[in-house]
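Heads up, the thing below is written out as structure tokens.
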Amino acid sequence: MSEWTWEYTPDDYGNSLTPPVKAEVGRICAELAVVNSMVFLDGAAYQGPSPGLRVAHGRTTEGQYVMLSYLTDVRGERIVVVSVSCL
């Protein structure tokens, strides 16, 4: 089994997030990486269509709602976070 990763785009996007939000984004993305590694077993050899832009959400330990938009780069075996919103 491959090791899927995750990252922000642009790379420094995470620097603008508060520590609790950044931690929640990390937790959500770690789960997404595991799930997608099980869904797309072919990984880098995958030849199907891209899943497109998707949304996931969660709550920080302080109760702040976090929603992130992400792309699944199947061939790159990574989750790419494109935006984070928090309330």
Side-chain angles (χ1 to χ4, degrees):
M1 184 166 112
S2 67
E3 290 293 323
W4 279 55
T5 61
W6 69 274
E7 63 189 51
Y8 296 103
T9 185
D11 294 337
D12 62 349
Y13 184 79
N15 296 342
S16 65
L17 304 175
T18 64
V21 171
K22 197 172 187 177
E24 181 61 11
V25 169
R27 185 195 67 75
I28 293 168
C29 288
E31 286 182 11
L32 291 171
V34 170
V35 168
N36 281 282
S37 72
M38 291 187 266
V39 171
F40 299 103
L41 296 174
D42 293 341
Y46 179 74
Q47 295 297 315
S50 168
L53 186 66
R54 298 190 281 178
V55 175
H57 56 87
R59 287 200 181 271
T60 66
T61 54
E62 290 81 20
Q64 195 173 18
Y65 181 77
V66 176
M67 182 178 80
L68 59 96
S69 300
Y70 68 96
L71 294 167
T72 302
D73 176 10
V74 180
R75 290 177 197 93
E77 297 181 334
R78 64 188 178 139
I79 303 298
V80 180
V81 178
V82 295
S83 72
V84 177
S85 300
C86 49
L87 302 171

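Predicted, not measured: the structure shown is a model, and the values here were computed from it.
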Straight-line distance of Glu62 CD to Thr18 OG1, nearest 0.5 Å: 7.5 Å
Residues Asn15, Lys22; criterion side chain to side chain contact (heavy atoms under 4.5 Å, CB included); working and verdict: CA-CA 8 Å; Asn15 296 342; Lys22 197 172 187 177; 4.0 Å; yes
Atom pair OG1 (Thr5) and CZ (Arg78), whose distance is rounded to the nearest 0.5 Å: 7.0 Å
Members besides Leu87 in its Ile/Leu/Val/Met/Phe/Trp/Tyr cluster (side-chain heavy atoms under 4.5 Å): Val55, Tyr65, Met67
CD on Glu77 to CD on Glu3, rounded to 0.5 Å: 9.5 Å
Straight-line distance of Glu24 CD to Cys29 SG, nearest 0.5 Å: 10.0 Å
Residues in side-chain contact (heavy atoms from CB on, under 4.5 Å) contact with Pro10, at least two apart in sequence or another chain: Asp12, Tyr13
Close side-chain approach of Ser50 to Leu71, heavy-atom, < 4.5 Å: no
Single-linkage hydrophobic cluster Leu17~Tyr70, side-chain heavy atoms < 4.5 angstrom: yes
Interatomic distance, Ile79 atom CD1 to Leu68 atom CG [nearest 0.5 angstrom]: 9.5 Å
Any residue meeting side-chain contact (heavy atoms from CB on, under 4.5 Å) with Val39, in chain and number order, not counting sequence neighbours: Val35
In one Ile/Leu/Val/Met/Phe/Trp/Tyr side-chain cluster, 4.5 Å: Leu53, Val80: yes
pair Val84-Val66: side-chain heavy atoms closer than 4.5 Å: yes
Distance, nearest 0.5 Å, that separates CG of Leu32 from CH2 of Trp6: 10.5 Å
